[in-house]
Protein chains: 2
Amino acid sequence: MTPPQFNSWQSIQDEVLRRIHAREWPPGTVIPNEADLAQDFGCARATVNRALRALADAGILERRRKAGTRVALHPVSRATVDIPLIRQEITARGLVYAYRHLSRRIASPPRDVAATLCAGTPCEGLHVTALHLASDAPFVFEDRWISLTTAPAAAAQGFETLSANEWLISTIPYTHGDIRFSAEVAPESIAELLGTSPGAPIFVVERTTWDHTRAITTVRLNYAPGYSITTGIGTPS
Amino acid sequence: MTPPQFNSWQSIQDEVLRRIHAREWPPGTVIPNEADLAQDFGCARATVNRALRALADAGILERRRKAGTRVALHPVSRATVDIPLIRQEITARGLVYAYRHLSRRIASPPRDVAATLCAGTPCEGLHVTALHLASDAPFVFEDRWISLTTAPAAAAQGFETLSANEWLISTIPYTHGDIRFSAEVAPESIAELLGTSPGAPIFVVERTTWDHTRAITTVRLNYAPGYSITTGIGTPS
DNA sequence: GATGCAATTATGTCTATACATATTAATCTG
DNA sequence: CAGATTAATATGTATAGACATAATTGCATC
């Protein structure tokens, strides 16, 4: 009659997952509170808390004070995507990285960029375009605007040999950002740069980074056809 | 001379982030150990641990036993992408969800699908195709194979009114999966289904889910032009 | 019945202490 | 000096107890 001893928070996580999978706790169920579970499992409440918190982070449980813990109704799978430097992305595939600077000028950004970069008010931005190559093959075309309000030091940079991204992350730290993945077809200008034909499918990543409330840079990465992002989903166990 | 009191693990996280951003601890630095930091901050070691562990989860710190904690050399930003049910994805936009079943047959999957679904050995699979509509407009074309070895119960399902995904997640729980995002151009068959023209850009999500070592299903979601995935990056603070 | 206040309750977090574990550094040995 | 053994160390985790906080529930009042 001795309850099986769950000593580690991972074993508790496994047991909770087992009960969810076995439909002992179907989606929507409010599961027993931490104190009761701790007694059931023969461990401290903090240990149960650790396990349940991890599952809540993974989107499997939903927790609210006083209301308790329930099994998520819609098991939203959550995928964590690593966004490495393009240099790393290329060298990790065993290819040779090369950077080719294309253009650089100070100008007023177009309206859509200005909306995020300058919060509507007119401002000066640094427009930089460049090509990243993997073993001499075009890999991604970068089209970037840098806010000279937030990052005035960028005005002194040529970005002829060092990619703007690498300079930025080692100089202007950011607090947060947003990212958008989409699919587009290559217009003639981009197709030419990427060494492909117009109409080719382009994987597009648009990213804006912020330092607190001020936008630093917004970039549009146009990946050559064949590019894909792969990652895992599910319990990190 | 009283050290500023950091009472919560979040305030400690903020302070550590501040020191990293202020280049007091540039990338690569091995930061003081938990015990020392706890004394500096005037709190318990467990509190420091909580803060540092969260930053390590976010990819900002790298921790190894005995070796200590260092600021990540390459601040790999990590984006967490929620993968909701298509129904939710559509209703969340304020549109009306509709499901249209297209085909269903039991067959041997093509080689590339068999490789993941049956681990190479020949096997039977259930092939289901369907269209998800958002306020009568085609939203995504689903092309799915279900393993009848892992999920034999699927053979009894028609999938005429209930989407395969919704049936699966409420019937066959999965332990983990992998996911791939890419861009393609619509072939004629898919363009027609999505109500667009051949050559239109299609955002493609390919997903395989597993129950431990056995594959359950592999699905290819072809999103109508204009679709994008948006999420945030940076410190979850 | 509607409304506002208070009691209750479950999670959230902090503390102090202890032990576990991985990994490096030091030391001993052939 | 090479290789194996041992000690030292930083993180990882468990525990019991306490208090904080949010949110619901129920009660009292209008």
Side-chain angles (χ1 to χ4, degrees), chain A residues 2-17 19-20 24-25 27-73 235-237, chain B residues 2-17 19-20 24-25 27-73 235-237:
Chain A
T2 44
Q5 283 288 324
F6 297 95
N7 29 3
S8 80
W9 70 268
Q10 296 238 18
S11 68
I12 288 169
Q13 190 184 33
D14 289 347
E15 172 63 10
V16 171
L17 277 173
R19 292 190 187 180
I20 293 172
E24 289 175 35
W25 292 338
T29 315
V30 175
I31 74 174
N33 68 43
E34 293 186 350
D36 291 352
L37 284 176
Q39 192 150 21
D40 279 10
F41 291 146
C43 69
R45 185 170 81 88
T47 312
V48 175
N49 181 285
R50 181 89 160 80
L52 297 188
R53 192 155 40 77
L55 289 172
D57 285 346
I60 292 166
L61 296 177
E62 287 170 6
R63 321 196 72 196
R64 266 183 21 245
R65 279 177 160 142
K66 163 75 182 177
T69 303
R70 58 158 51 193
V71 180
L73 262 180
T235 52
S237 67
Chain B
T2 43
Q5 284 289 323
F6 297 95
N7 30 2
S8 80
W9 70 268
Q10 297 235 19
S11 68
I12 289 169
Q13 190 184 31
D14 289 348
E15 172 62 11
V16 171
L17 277 174
R19 292 188 187 182
I20 294 172
E24 289 176 35
W25 293 338
T29 316
V30 174
I31 75 174
N33 68 44
E34 292 186 350
D36 290 352
L37 285 176
Q39 193 150 21
D40 280 10
F41 292 145
C43 69
R45 187 171 78 89
T47 311
V48 174
N49 181 284
R50 180 87 161 78
L52 298 188
R53 191 154 40 76
L55 288 173
D57 285 346
I60 291 166
L61 296 177
E62 287 170 5
R63 321 195 72 197
R64 265 182 24 244
R65 277 174 168 157
K66 163 76 182 175
T69 303
R70 58 159 50 194
V71 181
L73 263 178
T235 51
S237 67

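Protein chains get the first letters and strands the later ones, always in sequence-line order, with residue 1 at the start of each.
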Under 3.5 Å between N/O atoms: give me all the protein pairs with nucleotides 9-13 of chain D, atom names plus distance.
unit_1: D:dT9; atom_1: O4'; unit_2: B:K66; atom_2: NZ; d: 3.2
unit_1: D:dA10; atom_1: O4'; unit_2: B:K66; atom_2: O; d: 3.4
unit_1: D:dT11; atom_1: OP1; unit_2: B:T69; atom_2: OG1; d: 3.0
unit_1: D:dT11; atom_1: OP2; unit_2: B:E34; atom_2: N; d: 2.8
unit_1: D:dT11; atom_1: O2; unit_2: B:R65; atom_2: NE; d: 3.4
unit_1: D:dG12; atom_1: OP2; unit_2: B:R63; atom_2: NH1; d: 2.5
unit_1: D:dG12; atom_1: O4'; unit_2: B:R65; atom_2: NE; d: 3.2
unit_1: D:dG12; atom_1: O4'; unit_2: B:R65; atom_2: NH2; d: 2.6
unit_1: D:dG12; atom_1: O6; unit_2: B:R45; atom_2: NH2; d: 2.7
unit_1: D:dT13; atom_1: OP2; unit_2: A:R50; atom_2: NH2; d: 3.0
unit_1: D:dT13; atom_1: O4; unit_2: B:R45; atom_2: NH2; d: 3.1

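- Between B:V16 and B:W25 the shortest side-chain heavy-atom distance falls below 4.5 Å.
- By the side chain to side chain contact (heavy atoms under 4.5 Å, CB included) test, A:E24 pairs with A:R18, A:R19, A:A22, sequence neighbours left out.
- In secondary-structure terms, DNA chain D builds stems of at least 3 consecutive Watson-Crick or G-U pairs, each pair having both distances under 3.5 Å, at C:1-30 with D:1-30.
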For residues 50-60 of chain A, tabulate all N or O donor-acceptor pairs below 3.5 Å that involve a side-chain atom, not counting sequence neighbours.
unit_1: A:R53; atom_1: NE; unit_2: A:N49; atom_2: OD1; d: 3.3

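- Where DNA chain C meets chain A (any atom under 4.0 Å from a heavy atom), the bounding nucleotides read 5' to 3' are C:dT8 to C:dT13.
- Scanning both residues, A:V30 and A:A67, for their nearest heavy atoms gives CG1-O, 4.3 Å.
- You'll find the side chain of A:L61 reaches within 4.5 Å of the side chain of A:I20, heavy atoms only.
- Between atom CG of residue A:L73 and atom OG1 of residue A:T29 there is a gap of 9.0 Å, rounded to the nearest 0.5 Å.
- In this structure, A:E62 has no salt bridge (Lys or Arg N to Asp or Glu O under 4.0 Å) partners at least two apart in sequence or on a different chain.
- The side-chain hydrogen bond (donor to acceptor under 3.5 Å, both in side chains) analysis of residues 64-73 of chain A, with sequence neighbours excluded, yields the pairs A:R63-A:T69.
- Remark: B:N7 pairs with B:S11 by the side chain to side chain contact (heavy atoms under 4.5 Å, CB included) rule, at least two apart or across chains.
- Applying the salt bridge (Lys or Arg N to Asp or Glu O under 4.0 Å) criterion to B:R45, with sequence neighbours excluded, gives B:E34.
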